[in-house]
Colleague: 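Here it is: the structure, laid out below.
In this chain, residues are counted from 1 in sequence order.
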Amino acid sequence: MTQTLTASPPEARRLPLRFLGGVLLALGLAIMAFVLLMRPPSEEIRAMALFLSITALVSVAAGYGAYRLGWISRSPRLVWSLLAGYILATLLTFLNVGFSARLMFASPHDLTLAAVLLLFAGGIAVALGYFISSTLTERIGRVASAAAAVAEGDLSVRIPVSGNDEIADLSRAFNEMAGRLQEADRKQRELEQLRRDLVAWAGHDLRTPLASTRVMIDALADGLVDDPATASRYLQTSQRDIKTLSLLIDDLFNLAQMDAGGLKLERRPTAISDLISDTLESFAALAAQRDVTLGGQVETGIDPVLGDGQQIARVLSNLVSNALRHTPSGGEVQVSATRAGQWVTVQVADSGEGIAAVDLPHVFDRFYRGEKSRSRATGGSGLGLAIAHSIVEAHGGRIWVESEQGHGACFFFTLPASA
């Protein structure tokens, strides 16, 4: 739906009134100057007032007639409209001065001389008006050319701004608009590239375990595996791959819900210390299996936080799972929480290989893995950190990572503390 902006009715009524007020002010000042400077008798004052009133009335009628008939808007070029205004003003000057001079000058010589001088002054005024009008229209033309370039898709175009008048304001507004359009276009391109990557990466992560499971199940179904131990191993591998597929599909579904604004948070006072304790307990067996020390520490009096306990637990689970996946045997993963003012900060630190500087800005991107080989053994689905990022932001907090390659990684996220 498009919206056409027009002048408001009060503004449309005020413009002619301002013109009439300017003419009446000029009439009053002219009569006052005539009386103060020349000290004429009352008869001449009345005659001068009558002459000036008649010419003022003609000027008002001519100007308002041009305004109502729309002569200015019919011109194909703005410079012609402005030039027509200068010419009309010059003609009205001829009319005003000439009419008064014809009545007051006794000598034809003086009347002719006044006409010649008026003709010269009018020509100078029109030439000067054309010069100034051309300067203004040239600046407006730059705005029109820039707008045409934007319409053609060139969002990098900018207008040089000079002066402090309305055209300068228009140029600044145009540059700001073009900048926003360029930023929106950049984000749109990034989203489009992300969509393509999402399809490609999801296809890769779905296809790999599916292909492995299909091969093993076909082998079992065709009777190609006679050894019971091998058959059991095939079934266990297939079961693990199916579980991986199920988790990936759940992650994709949840991420789609978050993008569509479908993440419903049940905010209530929640004990963050209990959530951390439950998370550590749920990963204790896996940490022991990998020979990784898993521990936690919570500051006294930190509870409660205001948030959805189930979703916060998911953030903790994703971060701890990620830390364990990247921590070698003999390492450690520590979870801690502190409070500062109205915010609680949770930290998940590991002693793993750390994150390369080139990868740090992308760790919360969907499907992003620092490992170029995309090994499932260490890469995960690539969605856990993206989901954690969405959940924390939905709570009004923020999440970030600090790491140096070879010295582990520390993930932080903040949550609002309950009053």
Colleague: Could you report the tightest heavy-atom contact between Ala394 and Arg267, atom names first, then the distance?
Modeller: O-NH2, 2.6 Å
Colleague: Are Leu385 and Phe411 packed together at the side-chain level, in the sense that at least one heavy-atom pair is separated by less than 4.5 angstrom?
Modeller: yes
Colleague: Taking salt bridge (Lys or Arg N to Asp or Glu O under 4.0 Å) as the definition, give me every residue that meets it alongside Glu183, ordered by chain and number, with sequence neighbours left out.
Modeller: Arg186
Colleague: Residues in salt bridge (Lys or Arg N to Asp or Glu O under 4.0 Å) with Arg268, at least two apart?
Modeller: Glu266
Colleague: So, do Thr338 and Val344 sit near enough that their side-chain heavy atoms are less than 4.5 Å apart?
Modeller: no
Colleague: Quick one: list whatever passes salt bridge (Lys or Arg N to Asp or Glu O under 4.0 Å) with Asp278, sequence neighbours left out.
Modeller: none
Colleague: side-chain contact (heavy atoms from CB on, under 4.5 Å) with Ala148: which residues, sequence neighbours excluded?
Modeller: none
Colleague: What residues, two or more places apart in sequence or in another chain, satisfy salt bridge (Lys or Arg N to Asp or Glu O under 4.0 Å) together with Arg158?
Modeller: none
Colleague: Heavy atoms only: give me the nearest Val401-Ile355 pair and the separation to one decimal.
Modeller: CG2-CD1, 3.9 Å
Colleague: Find the distance between CD (Gln182) and CG (Asp154) and round it off to the nearest 0.5 Å.
Modeller: 8.5 Å
Colleague: Which value, rounded to the nearest 0.5 Å, describes the distance between Leu319 atom CG and Ile399 atom CD1?
Modeller: 5.0 Å
Colleague: Report the distance from atom CG of Asn322 to atom OG of Ser317, rounding to the nearest 0.5 Å.
Modeller: 11.0 Å
Colleague: A side-chain contact here means heavy atoms from C-beta on lying under 4.5 Å apart; do Glu353 and His326 qualify?
Modeller: yes
Colleague: Determine yes or no for a side-chain-to-main-chain donor-acceptor pair under 3.5 angstrom, with His395 supplying the side chain and Asp308 the backbone.
Modeller: yes
Colleague: From Thr270 OG1 over to Ile312 CD1, what is the distance, rounded to the nearest 0.5 angstrom?
Modeller: 5.5 Å
Colleague: CD/Gln311 to CG/Leu415 distance, rounded to the nearest 0.5 angstrom?
Modeller: 12.0 Å
Colleague: If we ignore hydrogens and angles and just use 3.5 Å, is the side chain of Thr414 paired with the main-chain N or O of Arg398 as donor and acceptor?
Modeller: yes
Colleague: Once you round to the nearest 0.5 Å, how far does CD1 of Ile302 lie from OG of Ser336?
Modeller: 8.5 Å
Colleague: Could you walk me through whether Val35 and Met32 satisfy the side chain to side chain contact (heavy atoms under 4.5 Å, CB included) test, starting with their C-alpha distance in whole Å, then the side-chain angles of each, then the deciding distance to 0.1 Å, before giving a yes or no?
Modeller: CA-CA 5 Å; Val35 172; Met32 184 182 301; 5.9 Å; no
Colleague: Where do Val292 and Pro328 come nearest, in terms of heavy atoms and distance?
Modeller: CG2-O, 3.7 Å
Colleague: Between the side chain of Arg314 and the main-chain N/O of Leu316, is any donor-acceptor distance below 3.5 Å?
Modeller: no
Colleague: Do side-chain atoms of Ser403 reach the backbone of Gly408 as a donor and acceptor pair under 3.5 angstrom?
Modeller: yes
Colleague: Anything under 30° is parallel, anything over 60° is perpendicular, the rest tilted; go ahead and classify Trp400 against Phe412.
Modeller: parallel
Colleague: Within the 4.5 Å heavy-atom criterion, are Gln239 and Ile242 side-chain neighbours or not?
Modeller: no
Colleague: Identify the heavy atoms of Ala313 and Thr279 that sit nearest to each other, and give their distance.
Modeller: O-OG1, 4.4 Å
Colleague: Between Val305 and Leu275, is there a side-chain heavy-atom distance shorter than 4.5 Å?
Modeller: no
Colleague: Do the side chain of Gln347 and the main chain of Cys410 share a donor and acceptor less than 3.5 angstrom apart?
Modeller: no
Colleague: Can you give me every donor-acceptor pair (side chain of residues 167-175, partner residue at least two apart or in another chain, under 3.5 Å) with its distance?
Modeller:
| residue | atom | partner | partner atom | Å |
| --- | --- | --- | --- | --- |
| Asp169 | OD1 | Arg172 | NH1 | 3.0 |
| Ser171 | OG | Ile167 | O | 2.9 |
| Arg172 | NH2 | Gly163 | O | 3.1 |
| Asn175 | OD1 | Ile159 | N | 2.8 |
| Asn175 | ND2 | Ile159 | O | 2.9 |
| Asn175 | ND2 | Ser171 | O | 3.4 |

Colleague: Shortest non-hydrogen contact from Val157 to Ala178?
Modeller: O-CB, 4.0 Å
Colleague: With heavy-atom distances below 4.5 Å as the criterion, would you say the side chains of Asp303 and Ile272 are in contact?
Modeller: yes
Colleague: Is there a side-chain contact between Val333 and Phe283, using heavy atoms and a 4.5 Å cut-off?
Modeller: no
Colleague: Do you know which two heavy atoms are closest between Ala287 and Leu294, and how far apart they sit?
Modeller: CB-CB, 3.8 Å
